[in-house]
Visitor: 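Take this structure, written in structure tokens, and hold onto it; I'll ask about it next.
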Amino acid sequence: MTNTANVATMTNVVIVGAGPTGLTLACGLARQGVAVRVLERAAAHADGSRGKTLNPRSLEILADLGIAEELAALGRTHLPFRKYFEGAFVNETEPFAGARPSATTPYPASRWLQQPQLEALLRERLAALGVEVELGAELVDVRQDADGAEAVLADGRRIAAEYVVACDGGRSTVRKLLGIPFVGEGDPEPMMVCGDVVVEGLEPGAWHQWFGSKGAFMLCPFEGSPRWQLQASPETAADGSIVPPSLESFQRLAVEHTGREDIRLDDATWLSTWRVNVRMAERYREGRVLLAGDCAHVHPTAGGLGMNTGIQDAWNLAWKLGHVVRGLAAPALLDTYQEERLPIAAWTLDVTSAGMAAVVAGIDTPGIGVEAGGVGDFTGLSLGYRWSSLAVGGAPAEGDAEAQLRAGDRAPDGPCPGPDGAPGRLFERFAGDDFTLLGLGAGARPDLAGLPGHVRPVRVEDRDGEVRRAYGVTGEALVLVRPDNHIALVTPAAEPGPVHAYLARLGATG
């Protein structure tokens, strides 16, 4: 802000909210050397299970941030769905039963774990980068002008920043302060009650799902924890009102839906209700303030896309905001954040609404469980930005528009030995915050004269053509891969001009 007389501290970026979205963004910025403050209104870190699934695309992102090994030690990748109808066992299915890593996809299956476990790992990673989450820091106002922004806290502190990013959830204070419409609709009455409980009398190797004429009752276990996540159709009182969630209500629901007296619940925490809300922010940017995660979009739970979509918002924004703050790109690059992510949010609202409708419709059909909601690609691996102004070149072959890899798509993994011949992977080369320029084919030379320092040239020894097949390349080519591991452009190796033109258009200074 121009008037800084009362500003006590300054930083590059203020992030409001310390959930998975805010923490992912903070890690992505901090490792670029961007000064960042993370403000969390709550006085303590949340411990309710909440989101419980990381899809394959989010796992790739988190691996790039440096927590792959830690994640591998938590949760599970295979969780059977054990389904009952009117109390009787019907069948058991496992959505990722046949999923195995491949050359192009190291994480073919989702990982099941409690959201607080992920948040703790991200906080540890952030602390290693020199940033601590500031608890009890409630934002009450945000101001901005052409020169910067200012976050005003409830205790009177003011923080000046170049940019503010709102990651403060569906009831976002920042979005409301900006007056950005949250367009959509929501149900006034709860559709589900939720909670974390200790369960006795039930085998913890599966997600137990009871459906029938009375609705749904589900108990999902967590690896290495005595606690399960409970989701159920609400109990109704004699007067027709919804009974608030409680241990006593949960126990009555358990008996009603399962028909079993031996399943005992105890120590209920994180008591919550869930209403269907399908809403999206009208815009993702207001000057120097940007929105991400639930602050920008809320939708049904089908497919478990909430936490994942927020992480992927943050991943898209982190490199762009970091490059702008570091002077590697012009501020106009930030306009591509909404250009790319708002259509993804619209798709997410549509596909999760369709998925929720499919689950509700299947409640009266024996053997149907929550997998009925899988009406789209919930892995995140096929989601890209072909429409983006950052996706340049190469129309697909006629009749092959969907199958052929194109600019804007996720860049596949593949074998990529190091200069010393030691085994390696493309994803290892992509890791970090630079662009990567791949040289594919024996004569392709990616170490172009005048290449900026934030573009990493990598010549790929691809003797059997495996990587070229994955990238849809014949002959010799240069492939420019963005810091978020999406393809920027593909050009013949003998024609490197488009690479320089692309980087110049971003305002890169080297």
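Positions are given from 1 along the sequence.
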Visitor: In plain terms, say whether R123 and E40 are close enough for a salt bridge, that is, a side-chain N and a carboxylate O under 4.0 Å apart.
Guide: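 Looking at E40 together with R123, the answer is no, because their closest N to O distance does not fall below 4.0 Å.
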Visitor: Can K320 and E339 be said to form a salt bridge (charged side-chain N to carboxylate O under 4.0 Å, His left out), step by step?
Guide: CA-CA 13 Å; K320 296 174 180 177; E339 178 189 359; over 6 Å; no
Visitor: Around atom CZ of R283, are there more than 12 heavy atoms of other residues, nucleotides or ligands at under 6.0 Å?
Guide: yes
Visitor: Hey, is E466 close enough to R469 for a salt bridge, meaning N to O under 4.0 Å?
Guide: no
Visitor: Can R175 be said to sit on top of F182's aromatic six-ring, NZ or CZ under 6.0 Å from centre and within 45° of the ring axis?
Guide: yes
Visitor: To check you understand the geometry: which heavy-atom pair defines the closest contact between L153 and L139, and what is its length?
Guide: CD2-CA, 3.9 Å
Visitor: Rounded to the nearest 0.5 Å, how far apart are OG1 of T379 and CD of E60?
Guide: 9.0 Å
Visitor: Distance from H454 atom NE2 to D433 atom CG, nearest 0.5 Å?
Guide: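 Reported to 0.5 Å precision, the distance equals 11.5 Å.
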Visitor: Distance check, rounded to the nearest 0.5 Å: I67 atom CD1 versus L122 atom CG?
Guide: 4.5 Å
Visitor: Keeping D294 on the side-chain end and G170 on the backbone end, is there a donor-acceptor pair under 3.5 Å?
Guide: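 No, because the side chain of D294 does not come within donor-acceptor range (under 3.5 Å) of the backbone of G170.
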Visitor: Answer yes when D64 and R31 have at least one side-chain N-carboxylate O distance shorter than 4.0 Å, and no when they do not.
Guide: yes
Visitor: Please name the pair of heavy atoms, one in T352 and one in A302, separated by the smallest distance, quoted to 0.1 Å.
Guide: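 So the two residues come closest at CG2-O, 3.3 Å.
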Visitor: When you measure from the side chain of D434 to the backbone N and O of R456, does any donor-acceptor pair fall under 3.5 Å?
Guide: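 Such a contact is absent between D434 side chain and R456 backbone.
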Visitor: Check whether any side-chain heavy atom of L62 lies under 4.5 Å from a side-chain heavy atom of L118, and answer yes or no.
Guide: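 They are in contact (side-chain heavy atoms under 4.5 Å apart), so the answer is yes.
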Visitor: Is there side-chain contact between V392 and R505, with heavy atoms separated by less than 4.5 Å?
Guide: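 They are in side-chain contact.
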Visitor: Just do the side-chain contact (heavy atoms from CB on, under 4.5 Å) check on T474 and R468 with the steps written out, would you?
Guide: CA-CA 7 Å; T474 57; R468 277 174 292 170; over 6 Å; no
Visitor: Which atom names give the shortest non-hydrogen contact between A372 and A358, and what distance separates them?
Guide: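 The pair with the smallest heavy-atom distance is O-CB, 3.4 Å.
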Visitor: Main chain of S49, side chain of Q114: is a donor-acceptor contact present, judged purely on distance under 3.5 Å?
Guide: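 Looks like no, no N/O pair under 3.5 Å.
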Visitor: Test side-chain contact (heavy atoms from CB on, under 4.5 Å) on T269 and D47; report intermediate values, then the result.
Guide: CA-CA 9 Å; T269 58; D47 59 1; 5.9 Å; no
Visitor: Say whether, by atom type as modelled, one donor and one acceptor occur between the side chain of Q115 and the main chain of R50 under 3.5 angstrom.
Guide: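 Here the side-chain-to-backbone pair does not exist.
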Visitor: Would you say that P300 contacts V278 through its side chain, given a criterion of any heavy-atom pair below 4.5 Å between the two side chains?
Guide: yes
Visitor: Would a 4.5 Å heavy-atom cut-off, applied to side chains only, mark H486 and L390 as touching?
Guide: no
Visitor: For R326 and Q32, which I'm curious about, is there any donor-acceptor pair between the side chains at under 3.5 Å?
Guide: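 The criterion, which ignores hydrogens and geometry beyond distance, is satisfied for Q32 and R326.
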Visitor: With salt bridge (charged side-chain N to carboxylate O under 4.0 Å, His left out) as the test, would you mind laying out the steps for E70 and R125 before giving the verdict?
Guide: CA-CA 10 Å; E70 293 83 352; R125 176 68 178 127; over 6 Å; no
Visitor: Return the minimal non-hydrogen interatomic distance between P221 and W228, and the atom names on each side.
Guide: N-CE3, 3.5 Å
Visitor: Look at the aromatic rings of Y284 and Y337 and report parallel, tilted or perpendicular, splitting at 30° and 60°.
Guide: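 Tilted.
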Visitor: My understanding is that only one of R482, R57, R386 makes a salt bridge (Lys or Arg N to Asp or Glu O under 4.0 Å) with D409; could you say which?
Guide: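 So, applying the salt bridge (Lys or Arg N to Asp or Glu O under 4.0 Å) to D409 and each of R482, R57, R386, only R386 qualifies.
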Visitor: Check P457 against P446 and note the closest heavy-atom contact, atom names and distance.
Guide: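 Looking at all heavy atoms of both residues, the shortest contact is CB-O, 3.5 Å.
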Visitor: Could you tell me whether a side-chain N or O of Y471 sits under 3.5 Å from a main-chain N or O of P412, the two making a donor and an acceptor?
Guide: yes
Visitor: Got a second to check how far L290's CG is from I15's CD1, nearest 0.5 Å?
Guide: 11.0 Å
Visitor: Quick check on side-chain contact (heavy atoms from CB on, under 4.5 Å): which of L317, I180, T21 does L291 satisfy it with?
Guide: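 Testing each of L317, I180, T21 against L291, the sole residue satisfying side-chain contact (heavy atoms from CB on, under 4.5 Å) is I180.
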Visitor: CZ of R111 to CG of L54: how many Å apart, nearest 0.5 Å?
Guide: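 R111 atom CZ to L54 atom CG measures 9.0 Å (nearest 0.5 Å).
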Visitor: Write down the atom of N485, the atom of V481, and the distance for their closest heavy-atom approach.
Guide: CA-CG1, 3.8 Å
Visitor: If we only count heavy atoms from C-beta on, is the K176 to T173 side-chain gap below 4.5 Å?
Guide: no
Visitor: Going by the angle between their ring planes, with limits at 30° and 60°, are F430 and F427 parallel, tilted or perpendicular?
Guide: tilted
Visitor: Do P101 and P106 come close enough that some side-chain heavy atom pair is under 4.5 Å?
Guide: no
Visitor: Working to the nearest 0.5 angstrom, can you tell me the gap between S172 OG and L177 CG?
Guide: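 Spacing of OG (S172) from CG (L177) equals 8.0 Å.
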Visitor: Can a donor-acceptor pair be found, under 3.5 Å and without considering hydrogens, that links the side chain of T11 to the backbone of A35?
Guide: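 Yes, the answer is positive, given that a donor and an acceptor are paired below the 3.5 Å cut-off.
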Visitor: Is there a donor-acceptor pair closer than 3.5 Å between any side-chain N or O of W315 and the backbone N or O of D484?
Guide: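 Present.
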Visitor: When you look at V351 and F378, which way does the side-chain contact (heavy atoms from CB on, under 4.5 Å) test go after all the steps?
Guide: CA-CA 9 Å; V351 76; F378 289 156; 3.7 Å; yes
Visitor: Checking S102 side chain against T105 main chain: does a donor-acceptor pair fall under 3.5 Å?
Guide: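 The answer is yes, because a donor-acceptor pair under 3.5 Å joins these two groups.
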Visitor: With side-chain contact (heavy atoms from CB on, under 4.5 Å) as the test, would you mind laying out the steps for V370 and M218 before giving the verdict?
Guide: CA-CA 10 Å; V370 297; M218 298 181 287; 3.4 Å; yes
Visitor: Mind checking whether W319 and L328 have side chains closer than 4.5 Å, heavy atoms only?
Guide: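 No, their side chains stay 4.5 Å or more apart.
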Visitor: In this structure, which one of L342, T348, D313 forms a side-chain contact (heavy atoms from CB on, under 4.5 Å) with H297?
Guide: D313
Visitor: Can you find a side-chain donor-acceptor pair between R341 and Y385 that sits under 3.5 Å?
Guide: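 Yes, Y385 and R341 have a side-chain donor paired with an acceptor closer than 3.5 Å.
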Visitor: With distance as the sole test, does S353 use its side chain to make a donor-acceptor pair with the main-chain N or O of L349 at under 3.5 Å?
Guide: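 Confirmed, S353 side chain pairs with L349 backbone.
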Visitor: Please tell me if the side chains of V164 and Q144 come closer than 4.5 Å, counting only heavy atoms from C-beta onward.
Guide: no
Visitor: Can a donor-acceptor pair be found between the side chains of R279 and N277 at a distance below 3.5 Å?
Guide: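 Yes, because at least one side-chain N or O of R279 sits under 3.5 Å from a partner of the opposite role on N277.
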Visitor: Examine distances only and state if a side-chain atom of N55 and a backbone atom of S110 form a donor-acceptor pair shorter than 3.5 Å.
Guide: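 Looks like no, no N/O pair under 3.5 Å.
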Visitor: Please say which of F96, W207, F222 ends up in a ring-ring contact (aromatic ring centres under 6.0 Å, His included) with W112.
Guide: W207
